[in-house]
Amino acid sequence: MTIFRAPKGTTDVLPPDSQRWRDAYRIFDELAEQFGYGLVLTPMFEDTEVFARGVGGDTEVVEKQMYTFTDKGGRSVTLRPEATASVVRAAIQAGGVQGRLKASYWGPMFRYERPQKGRLRQFYQGGVEYLGSSTPESDVEVIEFGYRYLERMNVPDVEVRVNSIGDPADRARYESEIRAFLNDRYEDLSDDAKRRVVSNPMRVLDSKADAEVVAGAPKPDQFLGSEASEHFAAVREGLESLAIPYSLDSSLVRGLDYYNRTVWEYVPTRYDAAQSSVGGGGRYDGLFEVLGGKPTPAVGLAMGVDRILLASRGETGEPLLDAYVVLVDESRRSDARRLVSELRNASLRVDLTDVTRSVKAQFKEADRRRAAAVLVIGDEWAAGRVAAKDLASGEQSEIETKEIIAWLQARSSRLVRESSGSSMPETR
RNA sequence: GUGGCCGUAGCUCAGCUCGGUUAGAGCACCUGGUUGUGGUCCAGGAAGUCGCGGGUUCAAAUCCCGUCGGCCACCCCA
């Protein structure tokens, strides 16, 4: 009997590793609420056209990375390679955006690629979309969101790279310039780049294979119209006022066709994988129309959870249980069971063994499960007491059963969560 | 789609070059080291179709061919 494996490019996450994923989601969700983003749920697959049109026909993603298949009704559907197109489709379906809609999402995305470090066929993104706003203020907020998330996720030395690729008219002027530039050096270009000279010349900028040729090429930020230019200046000013460090990267264009004006990426400089970007975003004022909606300005980002976890400092070693209950004598099992039930109902994380084991083995288990404390149910139970031991300090005392909850709460790391990274900028 | 490296216990790997007695180690796991106490230490134990298929040979984890899988890089992106 052969053992089944997770499909190529997918991976299982099991305890205790999965604890980091739980934390990653909790922190993301909490931050989204703090920033005022509501949750949006969309299908994990869509009509293929949603992505073909939404993401852009000449992108790598659409050309060869889509998980597309025909369902039993003969429809062509595609597992989502990213979520922005879905969120916009959903907003249009719901009647369009009145005023503002701030949405956040979290979940698996799918791209058919050769897997490597930080690149899987099923990977996870958490993202936010600020729909209905054209202000630089909204760009700044979304950029800040990603930056704060990485801070809270303990990803060290993050560089925020920003650029502006202008509005469609700016881009048209720019494209004719760079097309001419590339045509002059046509023979030096890679095959991919040659093809893009016609279809999407700006994308040649982020081709590593053509880096040398491209180094001297004109850059999109030299062609910004006055509106895009002012917008970009305001975005940069906003980042500075929030003390968010960033660098200008004039060859940053990003691989999805729907972007205009501001684009950015988060790159941890001490991360040792080829797939260096852990998140990115941009403004996409034209996307609603492409998908058949009313013109609606918007800006959003996506954070790559898998890569953030690779880049973040590992385990904190925090307790995973508030208490482990040790049962000295099987005869008191039903008492132990009731105690555990009561503690769990008080929102404490508590567990105990389901089989008869030595006290020593149970203590070992408590340690392995990273319990903060052990409660021993033995002879003292008859007198209404338990032995309570703090596993970190090794201190042990007998306490009254009615004091247990208060005793544990005083030690719970979870209930007293410290507010991380209070880097309030100076007020002027 | 292209290239490189690697598949031996649950995990990380040694052994393979110069084929030869019961295939090893560390970690993890289980049980003990007397009375109800972990994280350290000591002793013992359980655990492997040597990825799979074929070939060469008296004999293959070891040599040859094929195949499947994994990892990393290119490409691209989260």
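The figures that follow rest on heavy atoms only: side chains count, while hydrogens, waters and symmetry mates do not. Naming: A, B, ... by sequence-line order, numbering from 1 per chain.
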Against Asp322(A), only a single residue in Arg349(A), Gln409(A), Arg411(A) fulfils side-chain hydrogen bond (donor to acceptor under 3.5 Å, both in side chains); can you say which?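 Among the candidates, only Arg349(A) passes.
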Option from Thr262(A), Asp139(A), Asn260(A) for which side-chain hydrogen bond (donor to acceptor under 3.5 Å, both in side chains) with Arg283(A) holds: Asp139(A)
Quantified in whole Å, what is the [atom1] atom distance between nucleotide [N] and nucleotide [M]?
N       : M       : atom1 : answer
rU62(B) : rC41(B) : C1'   : 39 Å
rC13(B) : rA61(B) : C1'   : 14 Å
rU67(B) : rU31(B) : C1'   : 44 Å
rU49(B) : rU8(B)  : P     : 12 Å
rC50(B) : rG7(B)  : C1'   : 10 Å
rA46(B) : rC5(B)  : C1'   : 34 Å
rC11(B) : rC16(B) : P     : 23 Å
rG24(B) : rC68(B) : C1'   : 27 Å

Base of rU37(B), side chain of Gln362(A) - is there a donor-acceptor contact under 3.5 Å?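 No, the side chain and the base share no sub-3.5 Å donor-acceptor pair.
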Donor-acceptor pair under 3.5 Å, Asp367(A) side chain vs rG38(B) base: yes
Polar contact flag, side-chain donor to acceptor under 3.5 angstrom, Thr10(A)-Gln122(A):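 Side chains of Thr10(A) and Gln122(A): no pair found under 3.5 Å.
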When you check the side-chain N and O atoms of Gln222(A) and Tyr174(A), is any donor under 3.5 Å from an acceptor?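 Judged by distance alone, the side chains do not pair up.
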Among residues 324-339 of chain A, which contact RNA chain B at a heavy-atom distance under 4.0 Å?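 Within this stretch, Val328(A) sit under 4.0 Å of the strand.
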Check RNA chain B against residues 245-253 of chain A and give the residues with a non-hydrogen atom under 4.0 Å, in numerical order. none
Both distances under 3.5 Å, Watson-Crick or G-U wobble: report the partner of [N], or none.
N       : answer
rU37(B) : none
rA43(B) : rU31(B)
rG69(B) : rC6(B)
rG26(B) : rC11(B)
rC74(B) : rG1(B)

Non-neighbouring partners of Arg161(A) that pass salt bridge (Lys or Arg N to Asp or Glu O under 4.0 Å), sequence neighbours left out: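 If we apply the salt bridge (Lys or Arg N to Asp or Glu O under 4.0 Å) test to Arg161(A), skipping adjacent residues, the hits are Glu159(A).
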Who pairs with Glu289(A) by salt bridge (Lys or Arg N to Asp or Glu O under 4.0 Å), at least two apart in sequence or on another chain?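 With neighbours one apart ignored, the set is empty.
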Nearest whole Å is fine: how far is [N] [atom2] from [X] [atom1]?
X         : N       : atom1 : atom2 : answer
Leu310(A) : rC71(B) : CG    : C1'   : 13 Å
Phe363(A) : rG36(B) : CZ    : C1'   : 8 Å
Gln396(A) : rU37(B) : CD    : P     : 10 Å
Asp379(A) : rG36(B) : CG    : P     : 9 Å

Interatomic distance, Arg337(A) atom CZ to Asp354(A) atom CG [nearest 0.5 angstrom]: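 Spacing of CZ (Arg337(A)) from CG (Asp354(A)) equals 11.0 Å.
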Hey, does [X] reach any base, or is it just sugar-phosphate, or nothing, if we go heavy atoms under 4.0 Å?
X         : value
Ala392(A) : base
Ala371(A) : nothing
Gly394(A) : base
Glu380(A) : base

Sequence neighbours excluded, which residues qualify as side chain to side chain donor-acceptor pair (under 3.5 Å) partners of Arg368(A)? Glu365(A)
I'd like to check the side chain to side chain donor-acceptor pair (under 3.5 Å) partners of Ser341(A); sequence neighbours left out, ordered by chain and number. none
Nucleotide by nucleotide, 5' to 3', does protein get under 4.0 Å of the base (B), only the sugar-phosphate (S), or neither (-) in nucleotides 26-34 of chain B, counting heavy atoms? ---SSS-B-
Any chance you could list the contact pattern along nucleotides 72-78 of chain B? Use B for base contacts, S for sugar-phosphate-only contacts and - for none, protein heavy atoms under 4.0 Å, 5' to 3'. SBBBBBB
Taking C-beta and beyond as the side chain, do Lys102(A) and Val128(A) meet within less than 4.5 Å on heavy atoms?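 No; the side chains remain at least 4.5 Å from each other.
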Below 4.5 Å, heavy atoms only, C-beta onward: do Leu41(A) and Tyr105(A) meet side chain to side chain? no
Mind checking ring pair (Phe, Tyr, Trp, His ring centres under 6.0 Å) for Phe363(A) and listing every partner two or more places apart, or none if nothing turns up?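 If we apply the ring pair (Phe, Tyr, Trp, His ring centres under 6.0 Å) test to Phe363(A), skipping adjacent residues, there are no hits.
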Restricting to ring pair (Phe, Tyr, Trp, His ring centres under 6.0 Å), what partner residues turn up for Phe110(A), sequence neighbours left out?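 Expected list: none.
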Sequence neighbours excluded, the answer for side chain to side chain contact (heavy atoms under 4.5 Å, CB included) partners of Gln34(A) is Glu30(A), Leu31(A), Arg152(A)
Quick one: on RNA chain B, does Ser393(A) or Gly9(A) contact a more 5' nucleotide (nearest heavy atom)?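 First, find each residue's nearest nucleotide; the 5'-ward one identifies Ser393(A).
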Run the salt-bridge test on Arg344(A) and Asp351(A) with the 4.0 Å N-O cut-off and return the result as yes or no.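 Salt bridge: yes.
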Side-chain donor-acceptor pairs of residues 380-389 of chain A under 3.5 Å, sequence neighbours excluded:
| from | atom 1 | to | atom 2 | distance (Å) |
| --- | --- | --- | --- | --- |
| Glu380(A) | OE1 | Gly378(A) | N | 3.3 |
| Trp381(A) | NE1 | Asp335(A) | OD2 | 3.3 |
| Arg385(A) | NE | Glu398(A) | OE1 | 3.1 |
| Arg385(A) | NH1 | Glu400(A) | OE2 | 2.5 |

